[in-house]
Amino acid sequence: MARANDEAAELIQELADLLSITGGDAFKIRAYEKAARAIAGYPEDVSGLDLAGLKKIPTVGEAIAKKVLDYTITGTIRQVEELRAQIPAGVRALTTIPTLGPKKALAVYEELGISSVPELAQAIQEGRLRDLKGFGAKTEDNILRGIELMQQSGERVLIDAAADLADEIVAALTAHPAVQRCAHAGSLRRMRETIGDIDILAASTDPHPIMEAFTALPYVTDVIASGDKKTSVRTTRGLQVDLRVVPPESWGAALQYFTGSQAHNIRTREIAVRAGLKLSEYGLFDAESGALIVSETEEEVYARLGLPWIPPTLREDGGEIEAALRGELPRLVTVDDLKGDLHSHTDLTDGLATLEEMVEAAAARGLEYYAITDHAPNLFMQRMTDEKMLAQREQVRALQAKYPDLTLLHGTELNINPDGEVDWDADFLAGFDVCVASVHSAFTQDKAEMTRRFVRACENPHVHVIGHPTARLIGKRPPVDADWDEVFRAAARTGTALEIDSFPDRLDLPADLIRRAVRLGVKFSIDTDAHALGHHRNIRFGVGTAQRGWLTPDDVINTWPLDRLRAFLGTS
DNA sequence: CCTCCCCAGAGGCATTCAGTTCCCTGAAT
């Protein structure tokens, strides 16, 4: 992964944030924001580019290229450092509170001297905020709720950040000569939505040099604890990583134990006890003699307990033990089962890559069909028109000739208006191969209205997939309120699929709702919602979420062959 | 700040709506 691009983009974005607090030219700020996204999504590593190379990045000109070059050479950007010195870090933290932007953050800082989230919360308790112009009781309320939402997500990070770091560490340790096996465990292996800390497991007879290599990794900032069995470090992004080294003969039991969940492990240990065995992270033992029975692989451990191997994504004590005992574990959907992707964007709207680039990336994934679904006109900021959409359709049709093995579908992502209607009339909609429809506005409708809205959308014969149904943004925006069972029944009845959006901050539908929906006969579409080439990799998180919802390939319409999919869509 | 291209300087730069407060900010992808 191009880590330098991410860091450079982050610095440029920070520059934009800082300028929006100090108050600069709005257009300049927007230029930085746009460039930050372009840099993050640029396929070439910026650390290897000179000034001329940098200027080839779309929306990057002389000024921004120089700043990126500054970063490549010095590791930071001078202007960012200067602004950081002017504005306390806490004031920037204030702008991360939903509903509190740069203007309001600056106001509380300048008028009341508030420069941290706790101070702000206290000022609200004391009623000091409502005297400022532009602030009222409702504003106070919204800020408090925003703070609460942030605190709920706490120190946990999104799954992509944890996965990238874990992959790097596992790769680095696997290369160490003393390491026989290495893998990540914990909530990341179970594909939970957010990750509190990363658990890495290594098998070796010689732990000491491994621990040394681990603490010497470049992104390690602090060593919290270090012994021969366990070492804990903190990394540059604040994430804690625990490394445990076990003897090779304990690998299976250790992997099982450190993968969890705790509730699942309690169940497996109970089964062991009832069978006269003892299960610990060091192995499965005979309770009386203490003799080691098995432990080299997880499969052995489960088998000796009378269970088939249980996929980590099911290990939540959510009925997987019972299903395993009955021999009825689902055959979970995998990334390899997917034949297509039904939701993606190009630079015609807010995507970063061209149509041609996105299609090439889809071909590289080995997909058999791929839908381009740019935004529709009612998302006004995207400035979509009928003419642009039809012109894109011509481009898609023309591009098809280059891809004999990949069927291109021309679609759109519609907006479900508050009344449940969508952007275009039936005639225009009939021209698309596939229509995703999503809620992008009026998130706070009450339950009855929201339910009606979704049901209406499902009943539209041209709507094939409901995109990111709960519209939540993890740690930022709560899910919308709807009577989900009623929505699911409508989706099942009308043959409307529900999306599992693979974006790490969405993962929407969430796993618990997927399980409820599948029981009511709903079908699903696991999509990337890709806005850049790199987003295609997110599909693994959507699949992980689907697995946590117990989905089989048959439940997922984009595992189906194209003709079956077309029959389902009714657009053949 | 970028693009364009009369290579210096003009023209362009997502836009709209909801919410809250009283005119403006923040959110929407």
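Everything numeric in this text was worked out from a predicted model, so none of it was measured.
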Answer whether the closest heavy-atom distance between the side chains of [X] and [Y] falls below 4.5 Å.
X      : Y      : answer
A:K388 : A:R383 : yes
A:I143 : A:L129 : yes
A:R506 : A:L473 : yes
A:L18  : A:V80  : yes

Under 4.0 Å between a side-chain N/O of A:R477 and OP1 or OP2 of B:dA28, yes or no?
yes
Please determine whether a side-chain nitrogen or oxygen atom of A:S20 lies at a distance below 4.0 Å from atom OP1 or OP2 of B:dG26.
no
Of the residues in residues 109-142 of chain A, which ones touch DNA chain B at a heavy-atom distance under 4.0 Å?
A:K133, A:G134, A:F135, A:G136, A:A137, A:K138, A:T139, A:N142
Between B:dG26 atom P and A:H440 atom NE2, what is the distance in whole Å?
22 Å
When the distance from CG of A:L473 to P of B:dT29 is rounded to whole Å, what number comes out?
6 Å
Interatomic distance at [atom1], [N] relative to [M], whole Å:
N      : M      : atom1 : result
B:dA10 : B:dT15 : P     : 22 Å
B:dT16 : B:dG11 : C1'   : 23 Å
B:dC1  : B:dA14 : C1'   : 16 Å
B:dC5  : B:dG12 : P     : 13 Å
B:dA27 : B:dT20 : C1'   : 14 Å
B:dA8  : B:dT3  : C1'   : 13 Å
B:dC7  : B:dC2  : C1'   : 15 Å
B:dC22 : B:dC13 : C1'   : 30 Å

For the side chain of A:K103, starting at C-beta, report the closest nucleotide among B:dT29, B:dC1, B:dG26.
B:dG26
Nearest to the side chain of A:K104 - B:dT29, B:dG19, B:dT25?
B:dT25
Counting primed atoms, P, OP1 and OP2 as sugar-phosphate and everything else as base, the B/S/- map of nucleotides 3-9 of chain B against protein heavy atoms under 4.0 Å is S------
Within the 4.0 Å limit for protein heavy atoms, which parts of nucleotides 12-17 of chain B are touched? Write it as a string from 5' to 3', B for base, S for sugar-phosphate only, - for none.
-BBBSS
Quick check with a 6.0 Å cut-off and a 45 degree axis cone: is A:R393 positioned over the face of A:F432's six-membered ring?
yes
Cation-pi geometry met for A:R477 and A:F443 (6.0 Å, 45°):
yes
Whether A:H375 and A:H440 hold their rings parallel, tilted or perpendicular, with breakpoints at 30° and 60°:
perpendicular
Take the angle between the ring planes of A:F568 and A:W560 and call it parallel below 30°, perpendicular above 60°, tilted in between.
perpendicular
A:H468 or A:A442: which one's nearest nucleotide on DNA chain B is closer to the 5' end?
A:A442
Residue mapping more 5' on DNA chain B - nearest nucleotide basis, A:A65 or A:D529
A:A65
Criterion side-chain contact (heavy atoms from CB on, under 4.5 Å) on A:L83 and A:L15, from CA distance to verdict
CA-CA 8 Å; A:L83 283 168; A:L15 188 55; 3.7 Å; yes
Could you tell me whether A:H345 and A:H343 have their ring centroids closer than 6.0 angstrom?
yes
Result for side-chain contact (heavy atoms from CB on, under 4.5 Å) between A:V543 and one of A:I500, A:L551, A:N538, A:I526 points to A:I526
Pair A:D164 + A:R540: basic N to acidic O under 4.0 Å:
yes
